[in-house]
Structures are given as C-alpha cells and as structure tokens.
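One structure is given below, encoded as structure tokens.
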Amino acid sequence: MAQKAQKVGIKDVAREAGVSLGTVSNVLNRPGTVAEETRVRVVSVIERLGYVRSESARQLRAGESRIMGLLVLDMGNPFFVDIARGAERAARAAGLGVMVCNSAQDPDEEAEYLSLFAEQRVRGVLLTPSDASSRNIETFRRHRIPFVLVDRVGAETEECSVSTDDVLGSALAVRHLVETGHRSLAYVSGPPGLQQVRNRRAGALHALAEAGLPPGALRELPTERLDVSAGRDAGARLLGLGDRPTAVFCANDLLALGVLQSLYAAGVSVPDEMALVGYDDIEFAAAAAVPLTSVRQPAVRMGALAAELLLEETSGVDHTHRQVVLEPELVVRRSTLAGR
C-alpha cells in the first residue's frame with residue numbers, strides 16, 4: 001500500500017533553508033523586511049518542498065478572516081446567483097473570498113450553516129433568512145460576528161440590511177394589471193413565513209384598494225416553495241377554480257414560469273385569456289416562450305452594497321448601521337400586453 005505523504009510545515013522550510021521560523025514568517029507575510037539573498041533562498045525551498053501555508057491558522061492568529069459568508073434561500077434561483085455575483089465582485093476588490101451556502105429555505109439547514117460560519121470565524125455574513133422566528137439570527141448574534149441582511153428589511157434588528165421595496169414593487173405589478181382592465185386576480189405567493197411574500201401581498205392589496213377594488217378581488221394560492229415546480233402546482237390549482245381570475249401575480253419569476261407551463265399545457269392563452277406577472281426579472285423572464293412582465297430587482301447591486309456595508313463594518317473605521325432600501329422597476333413584456 002502506498003505510504004501517505006507527510007505534510008510539509010514551516011519548521012521543515014526553516015530547517016532546510018537554514019533560517020529561523022521568524023525569517024520564514026517574514027518571507028511569507030513581510031518580504032520587504034528580509035534581505036534579498038535570504039528571501040530568494042527561502043522561496044526556493046518553499047517551492048521545492050511544496051509548502052502551502054495554513055491560511056486558516058494565519059487568520060486565527062491575526063484574528064481576521066479573509067472569507068465572507070453568504071447564505072441564501074435558493075442558489076437554484078438566478079436572482080440569488082446575481083446577488084452572489086455582486087457580493088463576490090465587491091469582496092474580491094477588497095482581497096476577500098466568499099463562501100456561498102444554500103439554506104434551501106430550511107431553517108434547520110440555515111442554523112447548521114450559521115454554526116459553520118461561526119466555527120470558521122468568517123469576517124462576516126451576508127444573510128437572507130429563512131427562519132421566520134429569527135431564532136437562528138439571535139443564536140448567531142451571540143458569536144459577535146457581523147452580518148448584513150440581504151433581500152430583507154432589517155428594521156427589527158440593529159444590523160445593516162439591503163433590500164428592495166417589495167410593497168412598492170408588488171403595487172406596481174397589480175396597478176399595471178388593473179390599468180389593463182383586470183378586476184379579478186390571483187396571487188401565487190409562497191411560504192407565508194417569508195417577509196418578502198407577506199410584503200408583496202400587502203403591496204398587491206394596497207394597489208387594489210387604491211383602485212376601489214375589495215380584498216376579495218385577490219385570491220391567494222400559497223406554495224411551500226418558490227420554484228418552478230411549485231408554480232406548476234399552483235397553475236393546476238388556478239385552472240381548477242370555478243370563477244377563474246383573469247390575471248396572475250406571482251411572488252417570483254420561477255413561480256411565474258411554472259404557472260406559464262401549466263397554462264400552456266392546458267391550452268390557456270397568455271395574455272389573451274390570462275395575464276401573468278412575475279417578480280425579480282431574472283434572465284429567463286425575457287427568454288420565456290411568452291416574455292414575462294416582471295418587477296425588476298437590482299440583484300447584483302444589492303449583493304455588492306451588502307458586501308460593502310459588511311466590509312465597512314469590519315474595517316475598523318467608524319460605522320453606522322444602515323437599512324438600504326432600493327426601488328424596484330416594472331418591466332412590461334408580452335405576458336400582460338392584451339388589455340381586457
């Protein structure tokens with residue numbers, strides 16, 4: 001059986017190069033303080049022995065990690081991929097990396113990942129919570145690791161947050177449907193424990209009231225998840241309604257794409273028989289068989305701003321917690337263009 005190779009340590013490098021441990025450390029961390037001849041000799045030994053320094057050990061000694069955590073609801077959703085892109089861009093500019101984790105909208109998985117971040121002593125965490133009770137956040141806060149909430153208003157916490165005005169966004173969507181002649185709408189929502197889902201419902205009801213329509217004009221079809229499969233299921237339930245609405249507003253684009261699939265399979269024309277609006281304006285919205293009207297969130301910018309707030313808080317300069325709320329934009333496409 002092959003013998004397992006031994007790991008090369010800093011002591012091996014020092015012994016082989018004939019220098020002290022401190023000299024090797026200076027070569028790795030402060031090369032300008034080491035004489036050129038000595039530095040070249042040590043680097044040559046490092047390359048020959050294949051030494052790789054333990055970054056985690058260095059960070060623990062320094063008390064400062066070069067890793068930022070990012071925990072989102074669903075990395076299968078392009079919206080969160082864009083948030084990760086923005087966060088990674090800002091982190092990389094500051095010389096940091098991003099550890100991306102997916103809670104799968106499961107509070108238990110969220111708790112496990114937050115525990116992992118605490119064990120690794122990451123620089124800080126960007127977090128889209130799935131736990132409606134906020135127990136996981138309370139537990140994580142005890143570790144004194146900074147975090148920024150993403151895609152959620154942080155009014156009930158002391159920490160920073162970056163979000164979009166979901167009440168305004170959903171009001172824009174429903175106002176558009178009302179203006180194009182619809183008086184009976186469905187809201188394909190999602191898990192009621194998510195603040196985003198509740199805020200988007202509130203905005204929809206506000207727009208209906210503004211138009212003089214009763215709350216009963218909005219029929220809610222909740223789903224357990226915010227994905228295409230859940231949207232297809234909601235679409236099937238929508239088709240089974242006796243007094244079928246003429247328009248559907250969905251809590252995100254993945255739900256809307258699933259609803260669109262169900263309607264298409266049943267031969268229901270979009271938008272002639274049923275108008276459809278999504279939320280997030282992911283890339284697939286414009287590329288759908290019927291291009292999808294959607295409420296655009298600036299996801300890349302949200303991720304970048306959240307990372308910048310976290311970097312500011314952990315940089316040692318004066319920092320004031322802020323709740324940044326960005327404005328959404330309604331992007332009108334063919335899925336709502338047929339007025340009634």
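When a residue number appears, it is its place in the shown sequence, counting from 1. Values in this document were obtained by computation on a predicted structure and should not be read as measured data.
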Take Leu96 and Leu311 through the test side-chain contact (heavy atoms from CB on, under 4.5 Å) and record every step on the way to the result. CA-CA 10 Å; Leu96 272 66; Leu311 289 166; 3.7 Å; yes
Test side-chain contact (heavy atoms from CB on, under 4.5 Å) applied to Leu305 and Leu309, step by step: CA-CA 6 Å; Leu305 283 172; Leu309 285 173; 5.5 Å; no
What do the steps show when you test Arg333 against Asp281 for salt bridge (charged side-chain N to carboxylate O under 4.0 Å, His left out), and what is the final call? CA-CA 11 Å; Arg333 299 191 180 94; Asp281 196 34; 2.9 Å; yes
Run the numbers on Val248 and Leu185 for side-chain contact (heavy atoms from CB on, under 4.5 Å), then give the verdict. CA-CA 6 Å; Val248 187; Leu185 288 70; over 6 Å; no
Quick one, Leu276 with Cys250, criterion side-chain contact (heavy atoms from CB on, under 4.5 Å). Give me CA distance, side-chain angles, the key distance, then yes/no. CA-CA 8 Å; Leu276 182 62; Cys250 297; 3.9 Å; yes
Test log, rule salt bridge (charged side-chain N to carboxylate O under 4.0 Å, His left out), inputs Arg322 and Glu312: CA-CA 11 Å; Arg322 301 194 296 280; Glu312 179 186 292; 3.3 Å; yes
Please determine whether salt bridge (charged side-chain N to carboxylate O under 4.0 Å, His left out) holds for the pair Glu88 and Arg85, giving the CA-CA distance in whole Å, both sets of side-chain angles, and the decisive distance to 0.1 Å. CA-CA 5 Å; Glu88 191 273 340; Arg85 284 173 50 213; over 6 Å; no
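Annotation: Arg183, atom CZ; neighbour count of heavy atoms from other residues, nucleotides and ligands within 6.0 Å is above 12. For Glu224, the CD atom is loosely surrounded, since the number of other residues' heavy atoms within 6.0 Å does not exceed 12. Within 6.0 Å of CD in Glu210 there are more than 12 heavy atoms belonging to other residues, nucleotides or ligands. More than 12 heavy atoms of other residues, nucleotides or ligands shown are found within 6.0 angstrom of CZ on Arg175. Applying the 6.0 Å contact sphere to CD of Glu138 captures more than 12 heavy atoms from other residues, nucleotides or ligands.
Checked by atom type, the side-chain pair Asp151/Ser163 shows no donor-acceptor distance below 3.5 Å. Residues Gln196 and Asp166 bring no donor and acceptor atom of their side chains to less than 3.5 Å of each other. Counting only N and O atoms by type, the side chains of His321 and Glu159 include no donor and acceptor under 3.5 Å apart. At a cut-off of 3.5 Å, with distance as the only test, a side-chain donor of Thr336 or His176 sits close to an acceptor on the other residue. There is no side-chain donor-acceptor pair under 3.5 Å between Ser161 and Gln323. In this model, a donor atom of one side chain and an acceptor atom of the other lie less than 3.5 Å apart for Ser189 and Glu220. Ser130 and Gln105 share no donor-acceptor pair across their side chains, judged by distance under 3.5 Å alone.
A 4.5 Å side-chain heavy-atom check between Asn136 and Pro107 finds at least one atom pair inside the cut-off. Taking 4.5 Å as the limit, every side-chain heavy atom of Ile137 sits out of range of all side-chain heavy atoms of Thr139. Annotation: side chain of Leu213 is in contact with side chain of Val178 (closest heavy-atom distance under 4.5 Å). For the pair Leu337/Val332, a side-chain contact is recorded, criterion being any heavy-atom separation below 4.5 Å from C-beta on. Two residues are said to be in side-chain contact when any heavy atoms from C-beta on lie closer than 4.5 Å; Leu239 and Arg244 meet this criterion. Annotation: side chain of Leu194 is in contact with side chain of Leu73 (closest heavy-atom distance under 4.5 Å). Here the side chains of Leu254 and Leu226 are not in contact, with every heavy-atom distance at 4.5 Å or above.
Pro298 approaches Leu326 most closely through the heavy-atom pair CG-CD1, 3.6 Å. Taking all atoms of both residues into account, the shortest heavy-atom contact from Val42 to Ala17 is CG2-CB, 4.1 Å.
Hydrophobic clustering (side-chain heavy atoms under 4.5 Å, transitive across Ile, Leu, Val, Met, Phe, Trp, Tyr) keeps Val325 apart from Phe147. The hydrophobic cluster containing Val290 does not contain Tyr264, counting ILVMFWY residues as joined when their side-chain heavy atoms lie under 4.5 angstrom apart, directly or transitively.
Tyr187 does not carry Arg200 over the face of its six-membered ring by the limits of under 6.0 Å from the centre and within 45° of the normal.
Using cut-offs of 30° and 60° on the angle between ring planes, the pair Phe140 and His143 is tilted.
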